[in-house]
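As C-alpha cells, the structure follows; a few thoughts come after it.
Along the sequence shown, residues carry numbers from 1.
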Amino acid sequence: DDGDGAPDEDGRSGYWLTGEDGGVFSHGSAQFYGSAAEIALAAPISGMAAKPDARGYWLAGKDGGVFAFGDGGFYGSMNGAGLSGEIVDIASTPSGRGYWLVGADGGVFSFGDAGYFGSLGGQPLAAPVVAIIPTPNGGGYWLIAEDGGVFTFGNAPFHGSMGAKPLRSPVTGGWATPTGEGYWLNGGDAGIFTFGDAPFYGSMGGQEIRAPASGMTAPGFDGYWIGAEDGGVFTFGSIPFHGSQSLAALRGRIVEIVNAA
C-alpha cells in the first residue's frame, strides 16, 4: 500500500478467502493459482498463507499437510506425523521461501528458511492457539490464543494481550503492523483489539453478524479486512472493498482471509 489507502503503484489491492474444503476465492488484484477443492483431503484446511509478492500461496490442513500453488515452493509438511494437536495456521517467511505451521497446542514447525524460535508445545495452556504471526523480518513470531493471550518468540515484542480479560467471543485471528511494533487481534464477533502502533478503524463488535469472523488481514496502516465463515468481508479504514462470497454457495466454511497487497 502507498500509505494513502489506494492500491500500490503496481495496482495490487486485494485478498483471498479460503474454505475448509480447500476452495480459494480471489478478490481485487489477488490472482487465482489453484485450489484444493477437488483434492480428496485427509483433513479439512485450517489456514492459508501467501507469498509476500502475492505470486503464490499455501494451504495447510489440520493434519499438517501443505499444498503449494503458483510459485509458492513446497518445503515440507507434517502430514499427521508427530502432532499432538491439530494444525491451526500457516505463515510465510518474508522471503517467501519458507513457512511456519502452528498447532492448537502451540507447537511450531519450521520449513524452508523459516527459523525456529521456540513454541508452547508441551506447556499447559489456558486456551488453544489459533494463529501464528511472523515479525516483518522473520526473526520471530507471535502465537495468539483463543482467549486473547499473546506469546512472543524471537524478536517479536510484547505489546499487550486480551488474556484474562472478558471477551464476548473467542479470538480467531490477528495480523502484525508493517513495523512489527504492533498487532491487531480479531474476535469471532468481528471485534478488533489493537496493540502497539496498530490503529483502530472500527469493528463489528456489538453488532449482529450472520456468521462468526474467522480472521483478519491488513495491507498496511490504512485499514483492515475481516473475513467471516460465510464468506462475508468487512472493510475498515481507507482501503477498498473488493467483494465477498457471502451470497455464494460454499461447500465449507471460510477459515482464512489473506491480503494480496
Under 3.5 Å, is there a donor-acceptor pair between the side chain of [X] and the main chain of [Y]?
X: D89; Y: G47; result: no
X: W16; Y: Q31; result: yes
X: T18; Y: G23; result: yes
X: D222; Y: I239; result: no
X: Y183; Y: F158; result: no

Would you compute the distance between atom [atom1] of [X] and atom [atom2] of [Y] and round it to the nearest 0.5 angstrom?
X: I133; Y: T152; atom1: CD1; atom2: OG1; value: 12.0 Å
X: L185; Y: I144; atom1: CG; atom2: CD1; value: 5.0 Å
X: Y224; Y: Y15; atom1: OH; atom2: OH; value: 15.0 Å

Could you work out, with salt bridge (charged side-chain N to carboxylate O under 4.0 Å, His left out) as the rule, every residue matching [X], not counting sequence neighbours?
X: D53; answer: K51
X: D230; answer: R210
X: R55; answer: none

Where do [X] and [Y] come nearest, in terms of heavy atoms and distance?
X: W175; Y: M216; result: CE3-O, 3.5 Å
X: L17; Y: H27; result: CD1-NE2, 4.0 Å
X: G14; Y: S29; result: N-OG, 3.6 Å
X: G187; Y: A213; result: O-CB, 3.5 Å
X: A49; Y: S92; result: CB-N, 3.7 Å
X: W225; Y: P219; result: CZ3-CD, 3.7 Å

Restricting to side chain to side chain contact (heavy atoms under 4.5 Å, CB included), what partner residues turn up for [X], sequence neighbours left out?
X: P157; value: W142, H159, E181
X: L41; value: A36, I39, I45, F67
X: A43; value: K62, D63

| Given side chains that start at C-beta, do those of P212 and S169 come closer than 4.5 Å, heavy atoms only? | no

| said: Just so I know, are the side chains of F69 and V24 near enough to count as touching, which here means a heavy-atom distance under 4.5 Å? | reply: no

Would you be so kind as to tabulate the donor-acceptor pairs closer than 3.5 Å made by side chains of residues 191-199, with sequence neighbours excluded?
| unit_1 | atom_1 | unit_2 | atom_2 | d |
| --- | --- | --- | --- | --- |
| D197 | OD1 | T177 | OG1 | 2.8 |
| D197 | OD1 | G182 | N | 3.2 |
| D197 | OD2 | T179 | OG1 | 2.5 |

May I have the list of side-chain donor-acceptor pairs in residues 250-261 shorter than 3.5 Å, sequence neighbours left out?
| unit_1 | atom_1 | unit_2 | atom_2 | d |
| --- | --- | --- | --- | --- |
| R251 | NE | D21 | OD2 | 3.3 |
| R251 | NH2 | A37 | O | 2.7 |
| R253 | NE | E20 | OE1 | 3.4 |
| R253 | NH1 | E229 | OE2 | 3.2 |
| E256 | OE1 | M48 | N | 3.3 |
| N259 | OD1 | A261 | N | 2.6 |
| N259 | ND2 | A218 | O | 3.3 |

Is there a path of hydrophobic side-chain contacts, each under 4.5 Å between heavy atoms of I/L/V/M/F/W/Y residues, joining [Y] to [X]?
X: F109; Y: L125; value: no
X: F111; Y: W58; value: yes
X: F236; Y: V233; value: no
X: L120; Y: V88; value: yes
X: V108; Y: I90; value: no

| message | Holding to ring-ring contact (aromatic ring centres under 6.0 Å, His included), I want the full list of residues that pass it with F153, two or more places apart in sequence or in another chain. | response | Y141

Return a table of donor-acceptor pairs under 3.5 angstrom between the side chains of residues 161-168 and protein atoms on other chains or two or more places apart.
| unit_1 | atom_1 | unit_2 | atom_2 | d |
| --- | --- | --- | --- | --- |
| S161 | OG | G163 | N | 3.2 |
| K165 | NZ | S161 | O | 3.3 |

Contacts under 3.5 angstrom, residues 96-104 side chains, donor-acceptor by atom type, not counting sequence neighbours:
| unit_1 | atom_1 | unit_2 | atom_2 | d |
| --- | --- | --- | --- | --- |
| Y99 | OH | Y75 | N | 2.9 |
| Y99 | OH | G76 | N | 3.1 |
| Y99 | OH | G76 | O | 2.6 |
| W100 | NE1 | G115 | O | 2.7 |

| said: Considering only residues two or more places apart or on different chains, which pairs with a residue in residues 28-48 satisfy ring-ring contact (aromatic ring centres under 6.0 Å, His included)? | reply: Y33-Y57

